[in-house]
Amino acid sequence: MDRLLFLLATGLARGAIFALFALSLVLIWRAARIVNFAQGAMALVATYAAFAVTGLTGSYWAGLAAGLIAGAALGLGVERGIMRFAPHSSPLSGVIVAIGLVMVLQSLLGILFGAQYVPMRAPFDDSPIIVGGVPLLSPYDLFVLAVALVVMGALALLFTRTSLGLQLRASAFAPEVSRVLGVRVDRMVTVGWMLSAAVAALAAMLLVPTELGLNPHATDMLFVYAFAVAVVGGLDSPVGALLGGLVVGVAMTLVTGYLGATVAPIGVLVLLVGVLLVRPGGIFSLREARSA
């Protein structure tokens, strides 16, 4: 029972990171109808920026802020400089461009920083807190959960309580009508890319300190799991990203704890295939998908 409680608590923290990254994929899908396969590589570039600033200043918080700014700036640059000029005649055009961007970014990171893993320190202790003789969440896990909840709450308020959020939603679901009403749809798409890239960067910066460290491929598995989460929950559903992330995080941790780390990816694949067979649009997908 003690082991089960520990795995459940750890899985919630890991699931919160998956949920954040999956939410970034949902944001870009809703804004531009693109599955951005370069999201992991872009987030990793922002994480390297955060690592560099932390090393220069000695402040984790300065590095975190720099990473978020770098992520948003990269999202702006990719949308304005690359994706806007990708052919829109085929849905595969954006996918192919994104995969090419992954290769370029990972190659550049390997050239500049090398292929070795570089440790990245967490701002809080990652040793589990003992409650009644049972190890539970560590201070860093609590920090991750708090950050994830705050970010998700802030995004919910943005999209439901602000004029900018209303314009973002209108541009995503009815771009032509929004243009007629005076909404600058192209600008809203750019804002969507910036938000998405910043959230993905945050998820990567929260995950890397708990893994082996920084490496040009450090976010590869994060993208794979988060993509599975987004598909399972529904690419149009922020709620699906949240709940799917928590479910997959807990399930992966339980499978890893009881059956071994090599079985966890198979479990995620089985879940993904099962959902696609029963409900291809995702568990929380909209009943009617928009065509724009």
Side-chain angles (χ1 to χ4, degrees), residues 3-30 34-44 47 95 98-99 102 106 117 137 141 144-145 148 151-152 196 199-213 215-285:
R3 186 180 186 185
L4 176 62
L5 290 176
F6 172 71
L7 291 174
L8 287 174
T10 304
L12 286 176
R14 180 61 57 88
I17 297 176
F18 292 161
L20 270 181
F21 201 98
L23 182 59
S24 76
L25 295 174
V26 170
L27 287 174
I28 195 58
W29 174 257
R30 288 166 67 98
I34 291 175
V35 178
N36 183 21
F37 282 86
Q39 196 86 315
M42 292 167 60
L44 188 59
T47 306
V95 173
I99 292 174
V102 171
Q106 289 183 340
Y117 281 94
L137 293 169
D141 290 335
V144 168
L145 284 171
V151 170
M152 291 174 186
S196 171
V199 172
L202 176 61
M205 288 186 286
L206 292 176
L207 178 70
V208 169
T210 66
E211 300 291 322
L212 296 175
N215 174 273
H217 298 277
T219 56
D220 287 355
M221 293 309 298
L222 172 60
F223 174 82
V224 171
Y225 293 139
F227 177 69
V229 167
V231 173
V232 167
L235 279 169
D236 264 313
S237 175
V239 174
L242 170 60
L243 297 180
L246 295 178
V247 169
V248 170
V250 170
M252 277 188 56
T253 305
L254 290 175
V255 170
T256 301
Y258 287 108
L259 300 178
T262 56
V263 183
I266 299 175
V268 174
L269 178 62
V270 171
L271 175 64
L272 178 60
V273 172
V275 170
L276 289 177
L277 289 175
V278 176
R279 191 175 174 87
I283 297 174
F284 297 92
S285 61

Ring pair (Phe, Tyr, Trp, His ring centres under 6.0 Å) filter on F21, not counting sequence neighbours, yields none
Rounded to the nearest 0.5 angstrom, the CG-CD1 distance for L235 and I34 is 12.5 Å
Where A228 and L272 come nearest, the two heavy atoms and their spacing
O-CD1, 4.1 Å
Side-chain (S196) to main-chain (S24) donor-acceptor, under 3.5 angstrom:
yes
Under a 4.5 Å cut-off applied to non-hydrogen side-chain atoms, are E211 and Y117 in contact?
no
Kindly indicate whether the side chain of L8, heavy atoms from C-beta on, has any atom under 4.5 Å from the side chain of L254.
yes
Out of curiosity, L242 CG to L20 CG, how far, rounded to the nearest 0.5 Å?
9.0 Å
Could you check whether any side-chain heavy atom of F227 comes within less than 4.5 Å of a side-chain heavy atom of L25, counting everything from C-beta outward?
yes
Between OG1 of T47 and CG of L207, what distance do you get to the nearest 0.5 Å?
9.0 Å
Qualifying side-chain hydrogen bond (donor to acceptor under 3.5 Å, both in side chains) pairs with a residue from residues 239-248, counting only residues at least two apart or across chains
none
Can you see which heavy atom on A241 is nearest to which on V229, and at what distance?
O-CG1, 3.6 Å
Report yes or no: does T10 contribute a side-chain atom to a donor-acceptor pair with the main-chain N or O of L7 at less than 3.5 Å?
no
How long is the span from the CZ atom in R14 to the OG1 atom in T210, to the nearest 0.5 Å?
4.5 Å
For the residue pair L202 and V151, establish whether any side-chain heavy-atom pair is separated by less than 4.5 Å.
yes
Can you tell if the side chain of M152 reaches within under 4.5 Å of the side chain of P238, non-hydrogen atoms only?
no
Could you tell me whether the side chain of Y258 reaches within less than 4.5 Å of the side chain of L4, counting heavy atoms only?
yes
Within this structure, what is the CD-CG distance for the pair Q39 and L27, rounded to the nearest 0.5 Å?
9.0 Å
Measure the NE2-CG distance between H217 and L222 for me, rounded to the nearest 0.5 Å.
15.0 Å
